[in-house]
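One structure below.
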Amino acid sequence: MKAASWNVNSLRVRLPHLLKWLHTAQPDLLGLQETKIVDEQFPAAEIEAAGYRVIHAGQKTWNGVAILSKMDGTDIVTGLPGLDDPQRRVLGATYGDIRFLNLYVPNGQQVGSEKYSYKLDWLEKLLAYIKTQLEQYPRLIVVGDFNIAPEDRDVHDPALWEGGILCSDPERAAFQQLLASGLADTFRLFDQEEGVFSWWDYRAAAFRRNIGARIDHILASPALCEVCSYSTVDKDPRSWERPSDHAPVISVFDGIGFA
DNA sequence: ATGGTGGATGCTCCA
């Protein structure tokens, strides 16, 4: 079973990239973030024609999350308990005996800002929710754009980024609490090359110079980590014409019946 | 060089 996550930064613009990538990568479960489209305009027909079921929680202009899958999902949730939030950032569903949560964590803009406070509050609510989900579902996968680079090795220039947004201690502490709750960062279950990132700023030729950060993650519960055999970032779509600023991330779980 | 690019929107915000 191949799980994936991709911040597409406008599904309207990126639909051709998505369809091309689906064709070759063939993920079984894919969380999309920043669809930036209302449900009524969601390109469901094109995605279904590519062999995928799809659920979407969208809004005008900003945010928006979708899950593409090769089987039907049940017990669909949107939003976090205890957070009455019009921003569409959470979508969860159950596929067989896999619970799959797709997140678009707030960016936070700048340390100390109002948006930063919202991000930290959001992460606190998320942690509480993850704990209850872990009790309920032994096989839990949490994917998304976390807007957190967990460690110094997850950014191009740790000194330059130190204490800044995506890297600040409270953000990293929140991420560590997710790991302490029982989830693992599947990318770090394996030896990886240095300088692997999932997001590169559009500006200053950042992708060409590999000035980026690893902020998109696939977390999994212990039962799934045991059967996780591979995890990577697929940089290829970031090199295509008119790309998203994020690349898809992928993790493979062996022996999971799907579709 | 306190910039740069890109997306959605509508005379600017967000990432």
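Within every chain, numbering begins at 1; the chains are lettered A, B, ... in the order of the sequence lines, protein sequences first and strands thereafter. Note that the coordinates shown come from a computational prediction; the quantities given were computed from them, not determined experimentally.
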#### Entry: Parallel, tilted or perpendicular: rings of F197(A) and H156(A) (30°, 60°)
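Taking F197(A) first and then H156(A), their aromatic rings stand perpendicular (interplane angle over 60°).
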With rounding to whole Å, what would you report as the distance between [N] and [M] at their [atom1] atoms?
N: dA1(B); M: dT12(B); atom1: C1'; result: 23 Å
N: dT9(B); M: dG3(B); atom1: C1'; result: 23 Å
N: dG6(B); M: dG10(B); atom1: P; result: 22 Å

### Task
Flag the pair W6(A) / W21(A) as yes when their ring centroid distance falls below 6.0 Å, and as no otherwise.
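Centroid distance W6(A)-W21(A): below 6.0 Å, so yes.
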### Query
Can you list every pair that meets side chain to side chain donor-acceptor pair (under 3.5 Å) and has a residue in residues 74-86 of chain A, with sequence neighbours left out?
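Qualifying pairs: D85(A)-Y118(A).
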#### Entry: Whole-Å gap separating P (dA8(B)) and CZ (R14(A))
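Rounding to the nearest Å, CZ of R14(A) and P of dA8(B) are 8 Å apart.
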### Message
Distance check needed: dT5(B) P versus E241(A) CD, whole Å only.
### Response
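In whole Å, dT5(B) P and E241(A) CD are 17 Å from each other.
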### Message
Looking at R242(A), I'd like to know whether one of its side-chain N or O atoms comes within less than 4.0 Å of OP1 or OP2 on dG7(B).
### Response
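Answer yes for this pair, as a side-chain N or O of R242(A) is under 4.0 Å from OP1 or OP2.
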### Query
Just checking, is any N or O donor in the side chain of N107(A) or K119(A) under 3.5 Å from an acceptor N or O on the other one?
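Per modelled atom types, N107(A) and K119(A) side chains form no pair under 3.5 Å.
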### Query
Which of these passes side chain to side chain contact (heavy atoms under 4.5 Å, CB included) with R214(A): L166(A), D185(A), V155(A)?
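Result for side chain to side chain contact (heavy atoms under 4.5 Å, CB included) with R214(A): D185(A).
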### Message
Could you work out, with ring pair (Phe, Tyr, Trp, His ring centres under 6.0 Å) as the rule, every residue matching F42(A), not counting sequence neighbours?
### Response
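Scan of F42(A) (ring pair (Phe, Tyr, Trp, His ring centres under 6.0 Å), adjacent residues dropped) gives H56(A).
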N/O-N/O pairs, protein side and nucleotides 12-15 of chain B side, under 3.5 Å:
| unit_1 | atom_1 | unit_2 | atom_2 | d |
| --- | --- | --- | --- | --- |
| dC14(B) | OP1 | K115(A) | NZ | 3.3 |

